[in-house]
Amino acid sequence: MSATARKTAPLPDDIRAMKGGTPIVSLTAYTTPMAQMMDAHCDFVLVGDSLGMVLHGLPSTLGVTMEMMVMHGQAVARGLSSAMMVIDMPFGSYEEGPEQAFRNAARLMAETGAGAVKLEGGVAMADTIAFLVARGIPVMAHVGLTPQSINTLGGYKVQGRGDAGAALKADAEAVAAAGAFAVVLEKVPETLANTITEALDIPTIGIGASAGCDGQILVVDDMLGLFTAFKAKFVKRYAELGKDGEAAIAAYAEDVRARRFPGPEHVFADTVPGAKT
Ligand code: KIV
């Protein structure tokens with residue numbers, strides 16, 4: 001299925017059916033204009049809780065609230081017509097148990113129109129995923145580096161090297177068996193990502209994983225060069241909008257101080273030439 005040929009947004013089952021085919025394309029979005037820009041090019045768009053860091057200047061994703069996710073989810077929904085929208089469940093909104101997860105997932109879907117939720121965790125989240133899926137909530141899982149757990153993972157480290165690979169594979173298998181329709185693999189060694197991709201019957205979506213995954217995702221502010229606090233190895237910058245934006249703002253400031261802006265074309269005459277009085 002090509003994103004450009006599609007007339008209506010895909011469903012989670014359509015994404016699942018893309019397993020092993022043309023790679024699934026996705027990016028994060030947090031605002032209407034960004035969503036509009038990527039709608040025709042992405043199979044799904046993730047309202048990621050990375051918005052806490054790249055938009056709100058938080059030090060991690062841990063401070064992101066349900067209210068922030070709802071507000072940005074509604075903004076993204078206004079910009080999408082052909083890509084599916086997936087929304088992240090923020091830290092603390094699902095870990096207590098399946099009922100809490102259902103309450104908050106249902107709210108995110110009802111108030112934003114998202115087609116699915118994403119939550120972090122493997123074996124430990126399998127029961128919760130099964131509970132949600134059985135009650136009509138499609139779930140995208142997220143294993144490997146799960147940023148909401150940086151305090152127990154010891155930072156933003158590559159996950160699953162050496163002996164840890166078996167546990168990570170078990171996490172991916174557990175979420176697939178629980179009914180997740182796809183799984184994000186973040187910061188996982190390439191060979192392990194390939195092994196997991198071959199072992200699962202649901203698509204793997206890589207970020208810092210492997211070109212062999214069934215799809216790829218990046219944080220849009222990273223790939224456009226808008227978030228410049230740091231650049232992870234797995235980020236490819238396709239533009240330098242942060243630098244270009246700062247140069248444009250500096251040019252504007254110079255123009256204003258030199259009275260070059262506004263120019264004659266930006267101001268209004270007392271009368272409209274040719275208008276009847
Ligand atoms: O929050 C986010 O942007 C994510 C992606 C990095 C997968 O979870």
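In what follows, every heavy atom counts, from backbone to side chain, and hydrogens, waters and symmetry copies are set aside. Residue numbers run from 1 in the order of the sequence given. In listed order, ligands and their atoms are each counted from 1. None of the values given here were measured: they were computed from a predicted structure.
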Nearest heavy-atom neighbours spanning Gly73 and Met85: O-CE, 3.2 Å
Glu120 heavy atom under 4.0 Å from ligand 1: no
Side chain Thr32, main chain Ala75, donor-acceptor under 3.5 Å: yes
Min N/O separation Thr28 to ligand 1 under 3.5 Å: no
Enumerated ligand 1 atoms positioned under 4.0 Å from heavy atoms of Ile207: 6 (C)
Ligand-residue contact atoms, ligand 1 with Val219, heavy atoms, under 4.0 Å: 3 (O), 6 (C)
Ligand 1 versus Leu46: contacting region, heavy-atom distance under 4.0 Å: side chain
Candidate list Asp39, Val45, Leu224, test side chain to side chain contact (heavy atoms under 4.5 Å, CB included), partner Met34, passing option: Leu224
Whether over 12 other heavy atoms sit under 6.0 Å from Glu246 CD: no
salt_bridge(Arg103, Glu99) N-O dist < 4.0 Å: no
Plane angle bin for Phe230 and Tyr156 - parallel if under 30°, tilted between 30 and 60°, otherwise perpendicular: tilted
Ser50 N/O under 3.5 Å from ligand 1 N/O: yes
Ligand-side contact atoms (ligand 1) for residue partner Gly48, heavy atom cut-off under 4.0 Å: 1 (O), 2 (C), 3 (O)
Main-chain N/O of Ile196 paired with Lys169 side-chain donor or acceptor, under 3.5 Å: no
Proximity to ligand 1 by part of Thr61, non-hydrogen separation under 4.0 Å: neither
Ligand 1 N/O within reach of Asp88 N/O, cut-off under 3.5 Å: yes
Parallel, tilted or perpendicular: rings of His266 and Phe261 (30°, 60°): tilted
Numbered atoms of ligand 1 (with element) below 4.0 Å of Lys118, judged on heavy atoms: 4 (C), 8 (O)
Min N/O separation Glu186 to ligand 1 under 3.5 Å: no
